[in-house]
Amino acid sequence: MREGTTLNIVLLGPPGAGKGTQAKMLTNRYGIPQISTGEILRCAVKEQTPLGIKAKELMEKGVLVSDEIVIGIVEERLAEPDCEKGFILDGFPRTIKQADELKKMLRVCGKAINHVISIDVNREELLERITGRLTCRSCGKGFHAVFGPSKAGDRCDGCDGELYQRDDDKEETMERRLDVYERQTEPLVAYYAEESLLRTINGSGSIDDIQRMLLETLERGHA
Ligand code: AMP
């Protein structure tokens, strides 16, 4: 990547595709922040803020929080100075309305998304992956009971925090989240293809394989 290149990235893909894991890796590599609306909302739920109280029930059901709420969250977050050199949006946009508003808010400050990468994984594999997923309550690090267990057993091997299964990772909720993805978010694949921003990578390999493809795709430049 050339010095001074701005990376304004959207990671698209169904829940369980590995967006969060890959976003964290990109953060370490390029020094740009990961903006995960899901993580911001989970923090708000944990702290029982007015936003968290509004979002909790919808998140537990596996349906989307209102566009207005998440658009507000992202607008505020993108105004932080650490987004100047770029950012990785993980879990946003999730609807056409969110994508339209994102374009507008970036345009106001002379910016634009310059990479949209869709991580493609089939439904059976997603169900298998996600129902084994474990998250650290303290630092948010992700593990998998089968594919990526913590070296410290039922504690986080990074910070020793407690590992838990997100309520919305249980199987029934997961089915609903995948339906919601297909209905409300998948149309963004065509939306960004139309804007000539979309590249798709196969997300069914190992974390390292996907990372390699993702970096190659970013380093290669535009679609
Ligand atoms: P995630 O961690 O990205 O899978 O998000 C967890 C949950 O947070 C989703 O199932 C939604 O209820 C909510 N959420 C996260 N991001 C958005 C978004 N961009 N639009 C609407 N709801 C969202």
Side-chain angles (χ1 to χ4, degrees), residues 8-24 26-27 33-78 87-106 113 116-119 121 123 125-127 129-137 139-144 163-189 191-192 203:
N8 296 340
I9 304 170
V10 167
L11 290 184
L12 269 184
K19 300 187 297 298
T21 307
Q22 297 300 332
K24 287 192 172 65
L26 293 178
T27 289
Q34 168 193 18
I35 303 178
S36 157
T37 40
E39 266 175 34
I40 296 171
L41 288 166
R42 274 187 293 284
C43 270
V45 169
K46 192 167 148 200
E47 285 164 16
Q48 298 184 318
T49 64
L51 168 66
I53 292 164
K54 260 196 223 160
K56 184 172 190 288
E57 204 179 318
L58 296 165
M59 292 176 75
E60 280 170 359
K61 275 200 216 141
V63 297
L64 296 187
V65 171
S66 79
D67 285 335
E68 286 63 34
I69 289 184
V70 285
I71 289 163
I73 291 176
V74 171
E75 194 158 19
E76 245 176 55
R77 184 64 189 84
L78 286 176
F87 50 80
I88 307 141
L89 285 168
D90 154 21
F92 182 95
R94 259 175 156 99
T95 63
I96 300 278
K97 164 94 179 156
Q98 292 176 20
D100 283 340
E101 292 299 320
L102 174 64
K103 204 187 321 181
K104 280 192 215 154
M105 69 176 89
L106 289 173
I113 293 297
V116 178
I117 301 191
S118 171
I119 307 179
V121 185
R123 189 168 177 127
E125 189 170 341
L126 289 170
L127 278 170
R129 278 190 193 179
I130 214 138
T131 47
R133 188 154 85 166
L134 295 167
T135 309
C136 172
R137 224 181 260 293
C139 71
K141 185 169 175 190
F143 297 91
H144 194 282
L163 301 185
Y164 75 108
Q165 183 182 41
R166 283 166 44 180
D167 280 337
D168 61 351
D169 280 350
K170 310 231 160 94
E171 190 159 349
E172 332 66 89
T173 319
M174 187 54 201
E175 294 272 8
R176 178 157 331 109
R177 290 170 66 204
L178 290 176
D179 291 342
V180 166
Y181 176 79
E182 282 167 17
R183 211 174 45 247
Q184 294 182 269
T185 309
E186 212 163 53
L188 290 177
V189 170
Y191 178 102
Y192 284 119

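Just so you know, ligand 1 is whichever comes first in the structure, and atom 1 is the first atom listed for that ligand. For this chain, numbers begin at 1 and follow the sequence in order.
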Look at [atom] and say which protein heavy atom is nearest, naming residue and atom and giving the distance to 0.1 Å.
atom                    : result
atom 8 (O) of ligand 1  : Met59 CE, 3.4 Å
atom 9 (C) of ligand 1  : Arg94 NH2, 3.8 Å
atom 13 (C) of ligand 1 : Leu41 CD1, 3.6 Å
atom 10 (O) of ligand 1 : Arg177 NE, 3.9 Å

Atoms in ligand 1 flagged as close to [X], the criterion being non-hydrogen separation under 4.0 Å:
X      : value
Gln98  : 18 (C), 19 (N), 20 (N), 21 (C)
Asp168 : 6 (C)
Thr37  : 15 (C), 16 (N), 17 (C), 19 (N)
Val63  : 11 (C), 12 (O)

Can you check whether [X] has an N/O within less than 3.5 Å of an N/O in ligand 1?
X     : result
Val65 : yes
Gly91 : yes
Glu39 : no

Got a salt bridge between Glu175 and Arg123, using NZ or NE/NH1/NH2 to carboxylate O under 4.0 Å?
->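 Salt bridge: yes.
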Give a yes or no on this: more than 12 heavy atoms of other residues, nucleotides or ligands lie within 6.0 Å of atom NZ of Lys24.
->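 Correct, the count exceeds 12.
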Crowding at CD, Glu57 (>12 non-hydrogen neighbours, <6.0 Å) =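 Result for CD/Glu57: open.
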Would you kindly specify which portion of Arg166 sits under 4.0 Å from ligand 1, judged on non-hydrogen atoms: side chain, backbone, both or neither?
->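 Arg166 to ligand 1: side-chain contact only, backbone stays beyond 4.0 Å.
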